[in-house]
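Structure first, commentary second.
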Amino acid sequence: MDTSKLTKQLNKEQLTAVTAPLEHILVLAGAGSGKTRCLTYRIAWLIATDKTNPHNILAVTFTNKAANQMRFRIDNLLTEPAKGLWVGTFHGITHRFLRTHWQAANLSQSFQILDSNDQLRSIKRLLKALAVDEKVFPPKKIQNFINTNKDEGLRARNLTADENDLWLNQMIEIYQIYEENCQRSDVVDFGELLLRCYETLRDNPQLLEYYQQRFQFIHVDEFQDTNNIQYKWLQLLAGQNSKLFVVFDDDQSIYAWRGAKIENIQRLQHDFANTKLIRLEQNYRSTSKILTAANVLIANNTKRLGKNLWTNGAIGEPIVLYQAYSEVDEAWFVAEQILAWQGSRKEVAILYRTTAQSRQFEEILLQKNIPYRIYGGLRFYERLEIKDILAYLRLSMNRNDDNAFERVINTPKRGIGERTVVMLRGEARQQNISLWQASNNIFASGQLSKRAANSLQNFMALIEKLANLELPLQEKIEYAKMSTGLVEHYQKAGKEEAQGRLENLEELANAAHQFERQYNNASSVLSGFLDHAALEAGEKQSKSNDCVQLMTLHSAKGLEFEVVFLSGLEEDLFPHKNSLDDFNLEEERRLCYVGITRARKLLYLCHSKSRFRYGERNICKPSRFIEEIPEELIKKVRLA
DNA sequence: GTGGCGTGGCTTTTT
DNA sequence: GCCACGCCAC
């Protein structure tokens, strides 16, 4: 194949990286320097030059979006589809592994994925059962404890109790019981996907050998965001012979708070011999003014590998700084600037530190009739009605899924009240069985009132019926909607709300139809669809109209816009007041760096003299980050 | 089973 | 100030 198509479009450093010898390659890629391009071209180059078979290549990302984009771009570069190439998220790939090797992983074939919401519910139920006070052991804290430990690769049994720390001991115990519960219910939470996959590979030499042999070339995107277990997993999989190709930017590490370890970069250089570091420092995105601002700002961080982005591009407009009187004034200013902007609306982004800030912007954009789109918030598969119906389907797949059971046992109301459920829980706990099995026992024992027994029997029959239906997925969902009484249930709540919910259910049925058409294994299509729902929460709004984009700085990473508004640049908000120690402050600064480098042409910095927060109006000082940007790059404006 | 009231907490978020 | 959630009373 003619590979000049591949190599022509690259600059010198990109070319060096893409065509680097088959060693461990680390690419330090600054913002806007062609990071994804480098990764996709490398993979395409490996295949096109017959260095390897696609079958021997693995590429890992953090988000579904990044994975889809990568696959799409690789396909476009190649003349024929890369068969056997694995591209996916850490969770997607480890999930795929567990589905294939469920026995080795000590799971059942029909195990289900627990999303964070379900996980929290599950913890709450567990606390109730254990009669643990939620005030002393807040469920969210426990969830965090469990997830943090799983991210570190630690199970409850790996944690050491401390006789002087009763709180810790209790946490460990809850963690332990939570693990047992999940195992019994045959569910796997997000952290578990990785941990379980890691352990299964570690403990099964033949499997490990197979995958080490298979994945000769392992590619990782956004490596600075990897946590401990992800690192260990990669290390295990790479073994002695596989070659890593890792792309990262230490200056864009903004997820330390959820376990990401920047040190993994040094760790990798230490653990793998002969790594080669390549730097991509030419920026193709921003004007030189914007880039200089970003460079000077980030230079204030001490813990960095250090790099200097440069550009051949235009000098550009000065960065605009606006001091507002209030958050309302700030939003007004932003809206006025957007109205004056001639270009496309979707090329404009309003970025903020906290989600709560979006409301002010929404109100004004609505008033001024400027279409907008907000990222974040509730996603499609997280909606109540969707989760309800999926819970029915899950239960029909796996009767032991206690989470699903609890969710739908009395939704819609069918006369199985708290009393009955308490009895079921008691039986389940005593016998160490699932709620479904407990229902069977309790029903057989004749302890229930006639009415309750009747309702329970009907409920169980309903689930059995659903399980045995041989219908296409879409029709199954339609059937579930009606037979469960959920539709009526939502309609009771009020017209407008009901309409929205029913529309969503309709969309779910359509999604199921789409899914079924692309899925080639009819016998497991439901299971596949449920996995899909858990692993890809779905975008909030699918319409890609020409809208102004509103999002937090965190969700802006990886994106770029012609015009960027960085709002709320005030002390205590950005940097956030909970992040003022040295370590966290550097992360806040990186967050600001990410924000600045999203902009191609125009960058606005806004701060307000006062802001309404927590029911009070507070006086605000401008963010230290504003002062860190050289004055000569900035133009202060006042609104008439 | 539901609706009303009181309390607490409140950074970022993917999977 | 707002929302989510738990608790209690009807």
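Residue numbers start from 1 in every chain, and the chains themselves are labelled A, B, ... in the order their sequence lines are given, proteins ahead of strands.
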> How far, in whole Å, is C/dC5 from B/dT12 if one measures between their P atoms?
Replying inline: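 The same atom, P, in both gives a distance of 16 Å.
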Are any of [X]'s side-chain N or O atoms less than 4.0 Å away from OP1 or OP2 of [N]?
| X | N | value |
| --- | --- | --- |
| A/Y375 | B/dT12 | no |
| A/R379 | B/dT14 | yes |
| A/N64 | B/dT15 | yes |
| A/T552 | B/dT13 | yes |

Over how many whole Å does the gap from [X] atom [atom1] to [N] atom [atom2] extend?
| X | N | atom1 | atom2 | value |
| --- | --- | --- | --- | --- |
| A/K140 | B/dT13 | NZ | P | 14 Å |
| A/L585 | B/dT11 | CG | C1' | 15 Å |
| A/Y593 | B/dT12 | OH | C1' | 20 Å |
| A/R613 | C/dC3 | CZ | P | 17 Å |
| A/D225 | B/dT15 | CG | P | 12 Å |
| A/R414 | B/dG1 | CZ | P | 12 Å |
| A/H95 | B/dT15 | NE2 | P | 15 Å |
| A/R121 | C/dG6 | CZ | P | 11 Å |

Picking from [options], which would you name as closest to the side chain of [X]?
| X | options | result |
| --- | --- | --- |
| A/Y614 | B/dT15, B/dT13, C/dG1 | C/dG1 |
| A/K413 | C/dG6, B/dG1, B/dC10 | B/dG1 |
| A/R359 | C/dG6, B/dT13, C/dC2 | C/dC2 |
| A/S555 | B/dT13, B/dT12, C/dG1 | B/dT13 |

How is [X] classified with respect to the nucleic acid when contacts are heavy atoms under 4.0 Å: base, sugar-phosphate, or nothing?
| X | answer |
| --- | --- |
| A/F62 | sugar-phosphate |
| A/D115 | nothing |
| A/N410 | sugar-phosphate |
| A/F90 | nothing |

>> Parallel, tilted or perpendicular, judged at 30° and 60°: which one describes the rings of A/H554 and A/Y255?
In response: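 The rings of A/H554 and A/Y255 sit tilted, inter-plane angle from 30° to 60°.
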> Relative to the ring of A/H532, is the ring of A/F529 parallel (under 30°), tilted (30 to 60°) or perpendicular (over 60°)?
Replying inline: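 If you compare the ring of A/F529 with that of A/H532, the planes turn out parallel.
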>> If you assign A/E587 and A/G191 each to the DNA chain B nucleotide with the nearest heavy atom, which residue ends up on the more 5' nucleotide?
In response: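 The 5'-side residue here is A/E587.
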>> Can you work out whether A/E536 or A/N584 has the more 5'-proximal nearest nucleotide on DNA chain B?
In response: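 Checking each residue's closest nucleotide, the 5'-ward one belongs to A/N584.
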> Has the side chain of A/N410 got a donor or acceptor atom that lies under 3.5 Å from a matching backbone atom of A/R414?
Replying inline: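 Here the side-chain-to-backbone pair exists.
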>> Please evaluate residues A/D225 and A/R258 with respect to the criterion side-chain contact (heavy atoms from CB on, under 4.5 Å), reporting the C-alpha separation (whole Å), side-chain torsions for both, the decisive distance (0.1 Å), and the verdict.
In response: CA-CA 9 Å; A/D225 289 336; A/R258 64 176 201 215; 5.9 Å; no
> By centroid distance (under 5.5 Å) and plane angle (under 30°), are A/H576 and B/dT11 in a stacked arrangement?
Replying inline: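 According to the criterion (under 5.5 Å, under 30°), yes, A/H576 stacks.
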>> By a 5.5 angstrom centroid cut-off and a 30 degree plane limit, is there stacking between A/W257 and B/dT12?
In response: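 A/W257 ring centre within cut-off of B/dT12 base, planes near parallel; stacks.
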>> If you count heavy atoms of other groups shown closer than 6.0 angstrom to NZ of A/K128, is the number above 12?
In response: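 For A/K128, atom NZ is not crowded (no more than 12 foreign heavy atoms under 6.0 Å).
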>> Out of the candidates A/K621, A/R611, A/R624, only one should pair with A/E570 under the salt bridge (charged side-chain N to carboxylate O under 4.0 Å, His left out) rule; please name it.
In response: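 Passing option: A/R611.
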> Taking N and O atoms by type only, does the side chain of A/S116 place a donor or acceptor under 3.5 Å from a partner on the base of B/dT15?
Replying inline: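 Yes.
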